[in-house]
Protein chains: 2
Amino acid sequence: MVVEDMRDERVAVVGGGVIGLSVAWRLAESGYPVVLIDPSPTRGASWVAGGMLAPVTESWPGEEDVLALGAESLTQWPGFAQQLQPFGEIGLRTEGTLALALDSADVGTLDVLADHLHNLGREVDRLTGRQVRALEPTVGPKVRSGISVPGDLAVDNRNLLLALRQAAIGAGVQFVAERATAVRPGMVELGESFMDCSVAVIAAGAWSTGLHPALESVTRPVKGEILRLRTRHGTLPLPTRTIRAHVESRPVYLVPRADGELVLGATQHEVGYDEDVTVGGVRDLLSDAEQVLPGIAEYALTECAAGLRAGSKDNLPLIGWLEPGVLAATGHHRNGLLLAPATAAAVLAILRDGAAPDYARAADPSRFRTTQGRTR
Amino acid sequence: MVVEDMRDERVAVVGGGVIGLSVAWRLAESGYPVVLIDPSPTRGASWVAGGMLAPVTESWPGEEDVLALGAESLTQWPGFAQQLQPFGEIGLRTEGTLALALDSADVGTLDVLADHLHNLGREVDRLTGRQVRALEPTVGPKVRSGISVPGDLAVDNRNLLLALRQAAIGAGVQFVAERATAVRPGMVELGESFMDCSVAVIAAGAWSTGLHPALESVTRPVKGEILRLRTRHGTLPLPTRTIRAHVESRPVYLVPRADGELVLGATQHEVGYDEDVTVGGVRDLLSDAEQVLPGIAEYALTECAAGLRAGSKDNLPLIGWLEPGVLAATGHHRNGLLLAPATAAAVLAILRDGAAPDYARAADPSRFRTTQGRTR
């Protein structure tokens, strides 16, 4: 699809999470007049998130497109971070990830991941429990084996969001603190009123579903519960690397921050628009994480929060036209922070060049369209 | 000790928790001019608390004085609550308490309590696990036995504190939002400045210790971690009664509120002035409580908080003169809410009549005084 250059006409970005802010910033610094619509920008699921930028340890057989897109975005991350540097310290960490296994079922899961990565030509280091503890001495004795993935990154998601907002403001993005209720060609509805625009970009994460009919049966909310811990006087130090593990088949991750914070996530529940933190969710996260890093028992628990991610049917996001004038940049599920640079660059390419970059083709929303023009 | 009537002279109450507010209210409505000094009244340990008024299920052999004082205060509670009625709904609950046991060690603990209460002439109902579940159907299958204590009360501690503040304001208490740093005869020090008074009442809970030399080695902070849960759509209902249990020898209690809240407490750690909520504390509370009421796994976890109670050497509070002009009303440990009516009445009697009521004699701080006038 070829589109005329619309740099003189307004783009309305709906959603002020990591995707909406990145898209708005990228478009505004490329000369587009941009309005960002969100009742509380920075405070959605990406505020709750852990901050892993980990396409490799997150990958799984059958989801090669997800890994390819994630790997592309990971290569864009250092440049993206550098451009954000004037707007705040985003805490990019390059120490990599350890993926760990406890019981034999967990070891089996790790074997599948290691074989999968090997088949894709990615080098992975298999580690014994002893080798794991040589790298991270606070890992507990129940950990039986692991793999080391040095290339994965992590970021302080909250600092990132604040820096993105500053960057967007600096590039001229106008913020409208209202809640969008529907998006149609040429306008964004805001309850009783509406806003004109040439192009609307739906980047509202789990809240995108209700904004446009083409998203109705395609994206769905996936709740994640995440805890924030903090070292205290006399406690064991934070791990150096991001730690991922399967404990009794439940995934858990622990992301260290420079300031003594440890982010612990994340449950996955498909329970509709429910943002409660549950007793069972917190109990599982704490007990699973303590099996991996027993020393956290003495850490302070400073926050329990839940966020809603936008899941899609194939775990790939939706980046592209839903209909003329309405672009999607949503459905990023667990990977919003990772995919922000690639998504923003793809949206810019679609608007400016009339086509998505090759790496984003698999994410075109048309893959869900039936011959009748309905989603399938 | 006989004291002149000081109704014309100012009483400074240091501390705006349940004890300080109750004392200030009682004195002001009896005609004393009262100033209450607290940087954030209502927000200390009594804000974090659970709200049990349970002298019987809290009692233990060797602490008969504690039970006697608590039982006296419990008899004062209904009148106290009635007087507060114009100032807010404090949620007094009369459904009583169930004390439950899981493993055989817990059953042994319950046997000691039951025998102790029987020897004191108090009737207790021993219940089998089946009988417990007949009363409270959501109690889990691991509970083996219990005792029913119908006379214990519970109160919504936060509503109580807000009502007490209103009552105090209504009675003419003046609130000074500053932090007291020391108390001496005739004055309360507020950092660089000070306030004159005829009598100062130290009711600062765990923070009392540093305010007067006579409290230095007598009271100590005891940290308690408390969680607040809430029923959600489709979850099992709250229990009707307050539930107490020992799980692997750790005490746990669950106090239901009329509005769907369940307060879950409390750890006890003697760790100095540390108000962090710890991972290990939350883990124990959740897993212990889930063994008693498994259905709470689906409840929302809405708050994790820690408070510092003022422990004393013999678990009795200190109510009485520390020296002329300086009264103590502190050291209430786990029983501040329960003992508020009796403490306030005792302080009033000491000031107005020159002597504490008989029931408060055992709480006279002179019991810790050595012949040299030092505390022992």
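Proteins come first, then strands; the chains are lettered A, B, ... in the order of their sequence lines, and each starts at number 1.
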J.: Applying the side-chain contact (heavy atoms from CB on, under 4.5 Å) criterion to A:Val279, which one of B:Leu227, B:Leu286, B:Leu293 satisfies it?
T.: B:Leu286
J.: Name the option with the most non-hydrogen atom pairs under 4.5 Å to chain A; the candidates are B:Ile296, B:Leu264, B:Leu301.
T.: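 Result: the option with the highest number of such pairs is B:Leu301.
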J.: Considering only heavy atoms and a distance below 4.5 Å, find which of A:Gly281, A:Gly280, A:Ala297, A:Cys304 pairs most often with chain B.
T.: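 Ranked by contacts with chain B, first place is A:Ala297.
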J.: Give the atom names and distances for all donor-acceptor pairs closer than 3.5 Å across chain A and chain B.
T.:
| residue | atom | partner | partner atom | Å |
| --- | --- | --- | --- | --- |
| A:Arg232 | NH1 | B:Asp274 | OD1 | 3.0 |
| A:Arg232 | NH1 | B:Asp274 | OD2 | 2.8 |
| A:Arg232 | NH1 | B:Asp276 | OD2 | 3.2 |
| A:Asp274 | OD1 | B:Arg232 | NH1 | 3.0 |
| A:Asp274 | OD2 | B:Arg232 | NH1 | 2.8 |
| A:Asp276 | OD2 | B:Arg232 | NH1 | 3.2 |
| A:Val277 | O | B:Leu301 | N | 2.7 |
| A:Val279 | N | B:Tyr299 | O | 3.0 |
| A:Gly280 | N | B:Ala297 | O | 2.8 |
| A:Arg283 | NE | B:Glu290 | OE1 | 3.4 |
| A:Arg283 | NE | B:Glu290 | OE2 | 2.5 |
| A:Arg283 | NH2 | B:Glu290 | OE1 | 2.6 |
| A:Arg283 | NH2 | B:Glu290 | OE2 | 3.3 |
| A:Glu290 | OE1 | B:Arg283 | NE | 3.4 |
| A:Glu290 | OE1 | B:Arg283 | NH2 | 2.5 |
| A:Glu290 | OE2 | B:Arg283 | NE | 2.5 |
| A:Glu290 | OE2 | B:Arg283 | NH2 | 3.3 |
| A:Ala297 | O | B:Gly280 | N | 2.8 |
| A:Tyr299 | O | B:Val279 | N | 3.0 |
| A:Leu301 | N | B:Val277 | O | 2.6 |

J.: Go through the structure and list residues passing side chain to side chain contact (heavy atoms under 4.5 Å, CB included) with B:Val48, not counting sequence neighbours.
T.: B:Ile226, B:Ala305
